[in-house]
A.B. asks: 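Okay, handing you the structure first.
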Amino acid sequence: MRNIMHLTFGFFSCESSKMTSEAEMADEEGYISPPPTLPSTPCSIHLGVQAGSMRRGSDVLSTSRGTVRERGRNRSWLLSSIITVNVLILGIALVSGSVFNNVKINAINLQIFLIVLVILTTAWMLYYTIYTSREDHAVLYKDSHAGPVWLRGGLVLFGICSLIMDVFKIANYIGYLHCDSAVKIVFPVVQAVFILVQTYFLWLHAKDCVQLQRNITRCGLMLTLSTNLMLWMAAVTEESLHQTVVPPEDGNSTHSYDIRAPGGYSSCNCSHSACAVLEKAYYYLYPFNIEYSLFASAMAYVMWKNVGRLVDEHNHHSLHFRLKDVLVGPAVGLVMLVAGLGTFVIYKVDVEKGDPGKRDTVLMIHYVMNTVAVTLMSVSTVAGCAIYRLDQRDHVSGKNPTRSLDVGLLIGASIGQFTICYFTIVAVVATGAEGHLNALNLAVSLLTVIQLCLQNIFIIEGLHREPFHEDMHQASVFTNPYVLQAQAHRDIHNLPGTFMETKSLTWKRRALKEICAFLMLCNILLWIMPAFGARPQFDNTIGAEFYEFTMWAAVVNIGLPFGIFYRMHSVASLFEVFLTS
């Protein structure tokens, strides 16, 4: 009997060490191995001491595996973050140098750097797509919250506009090929291929929770994120330089000059007659290219957060877009959108004429339109927040990288608009707010600050609420099964009350949908006007006179791109709140 006991303990000791080594190897390789199974023997069934020993060994094994996985994840996060920081800082230096120094560094040097980044990123995305299609265990889980179809649809739409922009650029730069660098043709060609590959990649893999080659995948996704941010930065810089108007040195002259990116065509003539039309056309497509890069960056970040994540996608909310019983919000929003577009067209036409009298008139119309818009939006968001106070829905629980990113981007992007508004408020108040134009400018800035605060509260609260018509289950990372059973038991007992409560909330759902639809259309209007060239910050000279033009141009050109992105991101977030209401 003693020999049998020795053999049994020796057998379990060998198996335990063997399983520990296998678990460590599996964790290092990135595999998700099933829980270890112990062989059943007649002796082991009757030995309680051995069973307790194995339970302790299993706890030690799971702790060891968790520690190894945590260390591997931290190493890959650190490595991928280092890649991102280095690429972005180097890119910022090149962008700044190409703007402020047209002798040593020009746009050609920046485009060569971007071409290298784009080629590397495209190669990695192709590798990832091929590898995951051949490995059955590469993607075992999908994050159902990541990459919803409407977000991927927006990515495709912006990608198509970006491809058209690249085609116009190629056709335009061909006319200067005899006297300018060929890099200006190579870059849009490479960028077009990159957009095609990346759109296909994100459409298929935006929900992936990769379990194999996690270190390489995290680094590749951070490279993708860095490349898109660099393309966004380059596009924003070129667009800002194109839209920035320098005040004339001669005070008697009403003419102003546009800043052009260095490396222009001052001594190079186009070989065909369509260059002027093509250049004007692709500048109007820049806002879509800018939004494409930001959408792709956000989706790449969510994929990076989901690498190695174990997600249970059961009981996911199936949300559908319906406009049933929603009429007032879309109708009023469409009226605001049409009226705003009309005033924007008048503003652009009259400002470009350079007549000071007409300029002040259209500026006043522009300020009045914005005042009405942000006032109605503020009232709507106050009503929405009041409905949330009466709402009995639970707040969502569990980790969700998509929701966390939405909230972070919403707050971070609003800082740009806050900056411009507060700088304007200080300038107008310090100069006495003389005249109707400055008074309206002050009113718009103050109301915009209030509207941004209220809208952020409304959207964030809506993103953290459970849908009205669904059960309270959420996709969650590995949880205690006993807790899940208790939750399911509680939901079954509360089911009749839930249905009764849903019926009593019909008017709240309708009101929230009306508010979301109205706010979406108003945010689209407030995105269109600055994205397509409305620059009242430069047309009204109070900011440039108070802060000096160099400082004021820096404030506007840094803050406005974030403000433009805030409006588009608000539209996306409001659409999600609309679906869950």
A.B. asks: Is a side-chain donor-acceptor pair under 3.5 Å present for Ser80 with Trp304?
C.D. replies: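 Yes, because at least one side-chain N or O of Trp304 sits under 3.5 Å from a partner of the opposite role on Ser80.
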
A.B. asks: Report yes if the side chains of Tyr367 and Asn441 come closer than 4.5 Å at any heavy-atom pair, otherwise no.
C.D. replies: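 Tyr367 vs Asn441: side chains touch.
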
A.B. asks: For the pair Phe201 and His205, name the ring-plane relationship: parallel under 30°, tilted 30 to 60°, perpendicular over 60°.
C.D. replies: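 Tilted: the ring planes of Phe201 and His205 meet at 30° to 60°.
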
A.B. asks: Can you name the disulfide (SG to SG under 2.5 Å) partners of Cys161, sequence neighbours left out?
C.D. replies: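 Disulfide (SG to SG under 2.5 Å) list for Cys161, sorted by chain: empty.
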
A.B. asks: Over 60° means perpendicular and under 30° means parallel, so classify the ring planes of Phe288 and Trp527, tilted if in between.
C.D. replies: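 Rings of Trp527 and Phe288: perpendicular, as their planes differ by over 60°.
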
A.B. asks: Just jot down the side-chain hydrogen bond (donor to acceptor under 3.5 Å, both in side chains) partners of His569, sequence neighbours excluded, or say none.
C.D. replies: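 His569 satisfies side-chain hydrogen bond (donor to acceptor under 3.5 Å, both in side chains) with no residue once adjacent residues are dropped.
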
A.B. asks: Under the side-chain hydrogen bond (donor to acceptor under 3.5 Å, both in side chains) test, which residues partner Tyr128, sequence neighbours left out?
C.D. replies: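 For Tyr128, the residues satisfying side-chain hydrogen bond (donor to acceptor under 3.5 Å, both in side chains) (neighbours in sequence not counted) are Asp208.
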
A.B. asks: Among residues at least two apart in sequence or on other chains, which ones pass ring-ring contact (aromatic ring centres under 6.0 Å, His included) with Phe295?
C.D. replies: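 Partners of Phe295 by the ring-ring contact (aromatic ring centres under 6.0 Å, His included) criterion, ordered by chain and then number, come out as Phe158.
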
A.B. asks: Flag the pair Asp539 and Arg535 as a salt bridge only when some basic side-chain nitrogen lies within less than 4.0 angstrom of an acidic carboxylate oxygen.
C.D. replies: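 Judged by the 4.0 Å cut-off on N to carboxylate O distance, Asp539 and Arg535 do not form a salt bridge.
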
A.B. asks: Among residues at least two apart in sequence or on other chains, which ones pass side-chain hydrogen bond (donor to acceptor under 3.5 Å, both in side chains) with Ser445?
C.D. replies: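 Counting only residues at least two positions away or on another chain, Ser445 forms no side-chain hydrogen bond (donor to acceptor under 3.5 Å, both in side chains).
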
A.B. asks: Between Tyr422 and Gln417, do the side chains contain an N or O donor and an N or O acceptor separated by less than 3.5 Å?
C.D. replies: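 The criterion, which ignores hydrogens and geometry beyond distance, is not satisfied for Gln417 and Tyr422.
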
A.B. asks: Of all residues at least two apart in sequence or in a different chain, which pass the side-chain hydrogen bond (donor to acceptor under 3.5 Å, both in side chains) check with Gln198?
C.D. replies: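 Gln198 satisfies side-chain hydrogen bond (donor to acceptor under 3.5 Å, both in side chains) with Asn228, Tyr292 only.
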
A.B. asks: So do the side chains of Leu519 and Asn523 get within less than 4.5 Å of each other, counting heavy atoms only?
C.D. replies: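 With C-beta onward as the side chain, the pair touches.
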
